[in-house]
Amino acid sequence: MLHELHPALGEATAKFIRAGHQLLIDGRWQAALSGKTFDVQDPATGAVIACVARGEAADIDLAVAASRRALETGDWPKLKPADRARLLMRLADLIEKHGDELAELEVMDNGKPLAFAKRGIAGTAEMVRYMAGWATKLTGESVPVSVPGEWHAYTMREPVGVVGQIIPWNFPLSMAVWKLAPALAAGCTIVLKPAEQTPLNALRLGALIMEAGFPDGVVNVVTGFGNEAGAALAAHPGVDKVAFTGSTATGKRIVQAALGNLKKVTLELGGKSPVFVFPDANFDHATTGVANAIFFNSGQVCSAGSRLYVHRKVFDNVVADVAALGDKMALGHGMDAGSQLGPLISRVQMERVNRYIDGGLEAGAERASPRRSTPSGDGFFVPPTVLAHTSRDMSVVREEIFGPVLCAMPFDDDDLDQLAGLANDSEFGLFAGIWTSDLRLAHRFAKRIKAGSVSVNAHMVNEPALPFGGYKQSGWGRERGREAIELYSELKSVAINLGV
Ligand code: NAP
Ligand code: MG
């Protein structure tokens, strides 16, 4: 039994949600071979809104075979780089054309407020265009060699091959596009496995990819569960590379599954990103930035600024202001006008986050946010929560919570090596934020931080040209930027003996 949909949804969105959802394999929509399906919930109400095919290992086999055919035969390998760029540009236009529908699907799938989902559409289309530009610029070089004789030697880049892509539920559309766009620009073919909680936008995107004119089998979308479809894809001997975004624990499983054929692996994993506020920072700018860094998307962001270090001189004021900003955020259904904070993705996630908050308080942290009630009904809401006077050994400070929970700690030191010790006191190394008006300090500190990205007086810059990825257990490889497309290629060197 499917529940009523939110009345503010557009007609196209409602129609799509209600359609029977099948797997996209070889350019055709088809049911899972087993005939099984699974339910999709609206996280703001807990109601079942859609039913989706439950792909398993046998469906992954079909999708990988279709990808292999598309890689080696038919039109795709014959396309010129400029043709691939043109297809991607067409896809970007289609994403914008259907932007309202995609944004609404994102709300119904993931729960985020509509205004944020809409903002995400523009960034998603720009990512596709940025990667389209690289399709014609993925060059090798000529290499002067020193061995005896007369030589012509050069390198060239070729598509890595059939790629398995496994993505999480926090940004269902942009995570799909961050993965698909560079792989397509490089000439790969793909089997995409979206998160079980958020399959709808990946399916809609699959339809737009076909509409853009990509040949059959270039992009296949297999919805299903991680331990079924996901595990089969990661282990598949016919897959040349697996690209994964999600938790560090699952990332390690992916690495193990990839051992069989030593497929290439890139991982974008968890974080516990530190944010430092120095006493000379612009106060309003910094507190707003700190609040957004943790509360945006209800804290379900791999680069969320979840460890806050504030100079003791301004600690109380900053913490009080950030807590007040969180307290003012309107919780509600993402389709309700005025909602600023949606639910978490699932009951499991809500319970997990609440356990962390309780555990932190039991371990001695102080609640700096007032207690507040959540919207009535069965949605998975957790209000913004600031925990003050946390310490380095608490699990709230060490582990990725993936919810709107900020751990605040004061610092006295001006010694940057000591402060870097705090920043780097984590198994993760994805991101760090620095708020100061002293640019010399900012440069010196950024250099000492072991993280893939550092922002100064901003939190996360959603820029396709800037590489993004992790040091330490936050991952392998980079997304965005030139590095992303290079990681979907193999480098070949060719040496020609001109002396014979
Ligand atoms: P997850 O297990 O890492 O899920 C991410 C993706 O991997 C999903 O598509 C998932 O499928 C799939 N998957 C799960 N097990 C797999 C396996 N054995 N082989 C191949 N694929 C597999 O994350 P989660 O369970 O949804 O969330 C748990 C925690 O992970 C969160 O609380 C959060 O701390 C963290 N997380 C981090 C990020 C990030 O970007 N850093 C994103 C999401 C979650 P299913 O959807 O079917 O499980
Ligand atoms: Mg999971």
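Everything numeric here is computed off the predicted structure, so don't read it as measured data. Atoms within a ligand are numbered from 1 in the order they appear, just like the ligands themselves.
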May I ask you to list the atoms of ligand 1 that are less than 4.0 angstrom from any heavy atom of [X]?
{"X": "E400", "result": "33 (C), 34 (O), 35 (C), 37 (C), 41 (N)"}
{"X": "C302", "result": "39 (C), 40 (O), 41 (N)"}
{"X": "F225", "result": "47 (O)"}
{"X": "L269", "result": "41 (N)"}
{"X": "R352", "result": "31 (C), 32 (O), 34 (O)"}
{"X": "P168", "result": "42 (C), 43 (C)"}
{"X": "I167", "result": "6 (C), 8 (C), 9 (O)"}
{"X": "I166", "result": "6 (C), 7 (O), 9 (O), 12 (C), 20 (C), 21 (N)"}

Taking the minimum heavy-atom distance to [atom], which of [options] ranks first?
{"atom": "atom 22 (C) of ligand 1", "options": "G226, S346, S474, P172", "value": "G226"}
{"atom": "atom 26 (O) of ligand 1", "options": "Y356, F38, W169, F402", "value": "W169"}
{"atom": "atom 16 (C) of ligand 1", "options": "T250, L192, V301", "value": "T250"}

Subject >> Contact check, Q197 vs ligand 1, heavy-atom distance below 4.0 Å >> reply: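 Per 4.0 Å heavy-atom rule, Q197 contacts ligand 1.
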Determine whether a donor-acceptor pair (N or O, by modelled atom type, separation under 3.5 Å) exists between the side chain of [X] and the backbone of [Y].
{"X": "H459", "Y": "S303", "result": "yes"}
{"X": "S298", "Y": "G342", "result": "yes"}
{"X": "D59", "Y": "L33", "result": "yes"}

Original post:
Is it true that atom NZ of K472 has more than 12 heavy atoms of other residues, nucleotides or ligands lying nearer than 6.0 Å?
Top reply: yes
Original post:
Taking atom CG of D378 as the centre, does the number of heavy atoms from other residues, nucleotides or ligands within less than 6.0 Å exceed 12?
Top reply: no
Can an N or O of [X] be found at a distance shorter than 3.5 Å from an N or O of ligand 1?
{"X": "T245", "value": "no"}
{"X": "R253", "value": "no"}
{"X": "K193", "value": "yes"}
{"X": "Q349", "value": "yes"}
{"X": "F244", "value": "no"}
{"X": "A234", "value": "no"}

Original post:
Please walk me through it: do T198 and N110 pass side chain to side chain donor-acceptor pair (under 3.5 Å)?
Top reply: CA-CA 6 Å; T198 56; N110 162 274; over 6 Å; no
Does this structure show an ion pair linking [X] with [Y], if we count only N-O contacts that are shorter than 4.0 Å?
{"X": "E490", "Y": "K264", "result": "yes"}
{"X": "K272", "Y": "D425", "result": "no"}
{"X": "K118", "Y": "E106", "result": "no"}
{"X": "E96", "Y": "R129", "result": "yes"}

**OP:** Answer yes if the side chains of Q473 and K252 hold a donor-acceptor pair under 3.5 Å, and no otherwise.
**Re:** yes
